[in-house]
Participant: 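One structure coming up, written as structure tokens, with questions to follow.
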Amino acid sequence: MKPYAYVAPLEAATEESGVPLDRIIKLDGNENPYGCSPRVKRALSEYPFYHIYPDSEQRELRQALQTYVGAPGDSIIAGSGSDELIDFVMRLFIDPGDRVINCVPTFGMYQYSTDAWAGKVVSVPRDAHFAVNIDQVKKAAGQGAKVIFVASPNNPSGNLTPTEDILQLLELPMIVVLDEAYYEFSQKTLVSLVREHDNLIVLRTFSKWAGLAGLRVGYGVFPDNIAKHLLRIKTPYNVNAAAQVAALESLKDLDYLRGTVKAILAERRRLYEKLAQFPKLRPWPSEANFILCSVVDHDAESIYRELKRRGILIRYFNNPLLKNYIRISVGKPDHTDALVAALNDILLK
Ligand SMILES: Cc1ncc(COP(=O)(O)O)c(C=O)c1O
């Protein structure tokens, strides 16, 4: 199987570019440039029980999430990042050879995790606007599939999947995993549908909006029939004590975190306008904290390399599904300014 294409650590970028660590502009991981709530740092430094195993059943965290999510605590299970929950869903449902539908291009973890559990990925390409191709999915489902993954907003395209489309998928005899990792930026959720559909799983994360990517904590909302089995097969103590403390404290500081989300949304608008001014870049509208651009009359990979040399990290794609694209995470205003200055230099010279 292909290994997961994870983002390189900051140290690697410093080594390669010679730009000091504190001057690297990291716009390749859809992380939160404002970091976590200051309350999280305080709570982590004061927590007295690092020598004791964390609560394997995550009682306090699941209870606190109940109010934030608007779903019963029993239906919520946390993971070491939502990545781990994707893996647990595969662990629960997939026997070798079982089919999993993947609406590509999309987040790489769905393919990786299916491969790791020896499932068979059935890739159904999205249409020219990156919408899920419902008719093709229905056809693929007709040949038997156990699970479908849909990220909404989708990574890397940034678009939402309309409710009507999800409702059609829920009619099919398979588990629908709706990945709402970027929910706080889109403000659109279908979590309330989990109560009515015993084949819907909604995944969320603290990595993006709450600035906790480094601590690894995400959660899923599961129908009762799935939650009870998932609790049995998940690894014990899977969310470490620091991550549980940080997530709980984040939920107590929503005003602060909503302020940083608001700043990111304002910057997303500004970044979009700036990118659209480059004749060689075609930014796609985004409901998340990143913007995908198709690149015309220039090589996406060379933009990536030129930016990297200047200490600015982005992602590029050049494959049959994404021919000559770059993806830029929304940073702080000064990150946008530095990026635009570098792009001027690279694209207009
Ligand atoms: C769609 C999507 N889902 C899940 C994740 C992973 O989130 P976590 O950090 O919670 O594992 C990402 C990260 O980029 C993502 O883009």
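Each ligand, and each atom within it, is numbered from 1 in the order the structure gives. Only this structure's heavy atoms are used, side chains among them; waters, hydrogens and symmetry mates stay out.
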Participant: Before you tell me yes or no, could you show the steps for Leu271 and Ile328 under side chain to side chain contact (heavy atoms under 4.5 Å, CB included), namely the whole-Å CA-CA distance, both residues' side-chain angles and the distance that decides it to 0.1 Å?
Facilitator: CA-CA 9 Å; Leu271 175 63; Ile328 302 169; 4.1 Å; yes

Participant: Restricting to salt bridge (Lys or Arg N to Asp or Glu O under 4.0 Å), what partner residues turn up for Asp165, sequence neighbours left out?
Facilitator: none

Participant: So for Met109, does at least one of its heavy atoms come nearer than 4.0 angstrom to any atom of ligand 1?
Facilitator: no

Participant: State whether Tyr219 and Arg204 meet the cation-pi test: NZ (Lys) or CZ (Arg) under 6.0 Å from the six-membered ring centroid, and within 45° of the perpendicular axis.
Facilitator: no

Participant: Given Ile175 and Ile148, is the side chain to side chain contact (heavy atoms under 4.5 Å, CB included) satisfied, shown in steps?
Facilitator: CA-CA 6 Å; Ile175 303 296; Ile148 179 170; over 6 Å; no

Participant: Should we count NZ of Lys26 as having more than 12 external heavy atoms under 6.0 Å?
Facilitator: yes

Participant: Give me the residue, atom name and distance of the protein heavy atom closest to atom 3 (N) of ligand 1.
Facilitator: Asp179 OD2, 2.6 Å

Participant: Go through it in stages, so that I can follow the logic: the residues are Leu307 and Leu313, the test is side chain to side chain contact (heavy atoms under 4.5 Å, CB included), and I'd like the CA-CA distance, side-chain angles, deciding distance and then a yes or no.
Facilitator: CA-CA 7 Å; Leu307 287 173; Leu313 310 178; over 6 Å; no

Participant: Please determine which of Leu27, Leu322, Asn30 meets the side-chain contact (heavy atoms from CB on, under 4.5 Å) test together with Arg327.
Facilitator: Asn30

Participant: Heavy atoms only, cut-off 4.0 Å: how does Asp83 contact ligand 1, side chain, backbone, both, or neither?
Facilitator: both

Participant: For ligand 1, is there an atom lying under 4.0 Å from some heavy atom of Tyr182?
Facilitator: yes

Participant: With a 4.0 Å cut-off on heavy atoms, is Ser82 in contact with ligand 1?
Facilitator: yes

Participant: Starting from atom 10 (O) of ligand 1, find the nearest protein heavy-atom neighbour and note its residue, name and distance.
Facilitator: Thr205 OG1, 2.5 Å

Participant: I'd like to check which ligand 1 atoms, numbered from 1 as shown, lie under 4.0 Å from a non-hydrogen atom of Ser207.
Facilitator: 8 (P), 9 (O), 10 (O)

Participant: Specify the protein heavy atom at minimum distance from atom 14 (O) of ligand 1: its residue, its atom name, and the distance to 0.1 Å.
Facilitator: Lys208 NZ, 2.8 Å

Participant: Can you name the atoms of ligand 1, numbered from 1 with element, that are less than 4.0 Å from a heavy atom of Ala181?
Facilitator: 2 (C), 3 (N), 4 (C)

Participant: Which of the numbered atoms in ligand 1 are below 4.0 angstrom from a heavy atom of Arg216?
Facilitator: 8 (P), 9 (O), 11 (O)

Participant: Heavy atom under 4.0 Å from ligand 1: found in Glu84's side chain, backbone, both, or neither?
Facilitator: neither

